[in-house]
Amino acid sequence: MRLFALLATAVLLTFCAHSSSPLLTPDPTFRAEQQRFPRVRGAYATYESALHTLLQRHGIEPQRLELFIRAFKVGRRVEAWGRNQGEGEFVLLRTFRLAGTSGELGPKRQSGDRQVPEGFYTINRFNPASTYHLSLGLDYPNAADLRHAAPNPGGDIFIHGSDATVGCLPITDAGIRELYVLAVEARAAGQQGIPMHIFPFELTADNLATRQASPHTAFWQELAPGYQYFEDNHTLPQVQVDTDGAYAVE
């Protein structure tokens, strides 16, 4: 019964969390609450001015920031994209190096497998006092993960500081400070959840063809339309999970 309840909840979240239009009610108190923590205050002191200049250079008003994050295992990078809320195309703001990796290419299926998840997620947690400096939590396991995972799929997947990982995405302390400020600014501007897509590699036809012997090929082909939609449009696809636990991109 508990698994069924989790699955039902995750299906609802997956259907709703990846809309390209965020909630637009600003929440400046969120910024103020985060800045009660010394590490967040330090990150703001270092990066706030430069990041606001960066946003303005791209025509993005900081108080209207909408953020999207994309990660690739091959190439070891995390990308931060932004735009004014609900308007036009996302533009690439920053690329952060993945400072450490664990596991292999392919999705995460159980606790302790050291795998970094792959799929369509939302950042829904902020940890200003993380063991790894600062961290941003993903909504893993989602509906697709629960449909295919072992009885214990694991959890607590974060983007964080440091260079150590057993399934998370470390981008160094300096990297997470910068990304954390962007994420807090987006949340304070009204973005309730920050979409994050995690891919094994660029899911082009050629790259998929070179890995067609992999046991994960069918799963990667589910992800490929979402990857390609963003490549073609620089806007977010609508992603759902069907009754078999497969991703369906509209």
Side-chain angles (χ1 to χ4, degrees), residues 17-18 20 22 30-31 34 39-40 43-44 46-101 116-128 130 132-139 157-163 165 168-199 202 226-227 229-231 233-237:
H18 300 290
S20 59
F30 183 80
R31 182 193 299 110
Q34 287 289 312
R39 294 175 190 173
V40 179
Y44 264 82
T46 302
Y47 292 108
E48 181 180 21
S49 178
L51 287 175
H52 279 204
T53 299
L54 172 68
L55 294 175
Q56 290 164 355
R57 187 162 67 242
H58 286 289
I60 300 171
E61 301 172 34
Q63 67 272 20
R64 299 178 59 211
L65 172 63
E66 180 183 355
L67 194 64
F68 163 60
I69 298 174
R70 185 170 71 161
F72 295 93
K73 294 180 179 178
V74 174
R76 295 178 62 159
R77 71 185 192 273
V78 174
E79 301 170 345
W81 296 72
R83 69 175 182 178
N84 286 317
Q85 292 171 339
E87 294 183 3
E89 298 182 359
F90 284 90
V91 296
L92 181 62
L93 301 174
R94 281 284 188 263
T95 299
F96 303 94
R97 180 180 66 87
L98 266 178
T101 60
V116 176
E118 295 173 5
F120 303 101
Y121 298 96
T122 298
I123 290 173
N124 61 1
R125 287 172 289 164
F126 292 70
N127 186 351
S130 171
Y132 300 100
H133 195 62
L134 299 165
S135 59
L136 299 166
L138 277 66
D139 63 342
I157 302 298
F158 291 86
I159 310 174
H160 59 62
S162 181
D163 60 359
T165 180
C168 294
L169 298 106
I171 58 173
T172 75
D173 289 356
I176 194 60
R177 284 195 291 266
E178 190 171 4
L179 182 59
Y180 201 91
V181 171
L182 279 171
V184 171
E185 288 297 285
R187 178 65 180 81
Q191 187 175 5
Q192 299 296 312
I194 298 170
M196 181 168 184
H197 298 176
I198 306 177
F199 299 120
E202 289 89 346
Y227 164 81
Y229 184 95
F230 185 80
E231 285 293 292
N233 302 286
H234 283 176
T235 59
L236 296 176

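These numbers come from a predicted model, not from an experiment.
Applying the ring pair (Phe, Tyr, Trp, His ring centres under 6.0 Å) rule to Phe72 yields the partners Phe199; only residues at least two apart in sequence or on another chain are considered. Taking the side-chain hydrogen bond (donor to acceptor under 3.5 Å, both in side chains) definition, one finds that Glu61 meets it with Gln63, Arg64, sequence neighbours left out. Partners of His58 according to the ring pair (Phe, Tyr, Trp, His ring centres under 6.0 Å) rule, which considers only residues two or more places apart in sequence or in another chain, do not exist here. Partners of Ala99 according to the side-chain contact (heavy atoms from CB on, under 4.5 Å) rule, which considers only residues two or more places apart in sequence or in another chain, are Arg97, Asp163, Thr172.
Within the structure, every pair that satisfies the salt bridge (Lys or Arg N to Asp or Glu O under 4.0 Å) test and touches residues 168-180, not counting sequence neighbours, is listed here: Arg94-Glu178.
The CD atom of Glu66 sits 9.0 Å away from atom CG of Asn84, with the distance rounded to the nearest 0.5 Å. To the nearest 0.5 Å, atoms OG (Ser135) and CD1 (Ile171) are separated by 10.5 Å. For the atom pair CG of Leu179 and CD1 of Ile123, the computed distance is 6.5 Å after rounding to the nearest 0.5 Å. Remark: Phe68 CZ to Leu93 CG distance equals 12.0 Å, nearest 0.5 Å. We find the CD1-CG distance between Ile159 and Leu98 to be 9.0 Å, quoted to the nearest 0.5 Å.
Side-chain contact check for Leu136 versus Met196: every heavy-atom pair is 4.5 Å or farther apart. For the pair Leu236 and His197, the minimum side-chain heavy-atom distance is below 4.5 Å. The shortest side-chain heavy-atom distance between Phe230 and Phe90 falls under the 4.5 Å cut-off. In this structure, the side chains of Gln34 and Tyr44 stay at 4.5 Å or more apart for every pair of heavy atoms. Under the 4.5 Å side-chain criterion, counting only non-hydrogen atoms from C-beta, His234 is in contact with Trp81. The shortest side-chain heavy-atom distance between Thr95 and Val78 does not fall under the 4.5 Å cut-off. Within the 4.5 Å cutoff, no side-chain heavy atoms of Tyr132 are placed close to those of Thr165. Between Phe126 and Leu134, every side-chain heavy-atom pair lies at or beyond the 4.5 Å cut-off.
Between Ala188 and Arg31 the shortest heavy-atom distance is CB-NH2, 3.6 Å. Considering every non-hydrogen atom in both Ala71 and Leu169, the closest pair reads CB-CD2, 3.9 Å. Minimum interatomic distance between Gly161 and Pro170 (heavy atoms only, all atoms of both residues): O-CB, 3.7 Å. Shortest non-hydrogen contact noted between Val40 and Pro128 is CG2-CB, 3.6 Å. Closest approach of Cys168 to Phe158, counting heavy atoms only: CB-O, 3.1 Å.
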Let me check something: any side-chain donor-acceptor pairs from residues 50-57 under 3.5 Å, sequence neighbours excluded? List them with distances.
unit_1	atom_1	unit_2	atom_2	d
His52	NE2	Glu185	OE1	3.1
Thr53	OG1	Ser49	O	3.1

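When atom types are taken as modelled, the side chain of Asp139 and the backbone of Thr122 share a donor-acceptor pair closer than 3.5 angstrom. Of the possible polar contacts, one joining the Gln191 side chain to the Leu67 backbone as a donor-acceptor pair under 3.5 Å is found.
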Quiz item: Can you list the steps and then say if His160 with Asn127 is a side-chain contact (heavy atoms from CB on, under 4.5 Å)?
Solution: CA-CA 9 Å; His160 59 62; Asn127 186 351; over 6 Å; no
Quiz item: Which is it for Val116 and Thr101 under the side-chain contact (heavy atoms from CB on, under 4.5 Å) test, yes or no, and what are the steps along the way?
Solution: CA-CA 8 Å; Val116 176; Thr101 60; 6.0 Å; no
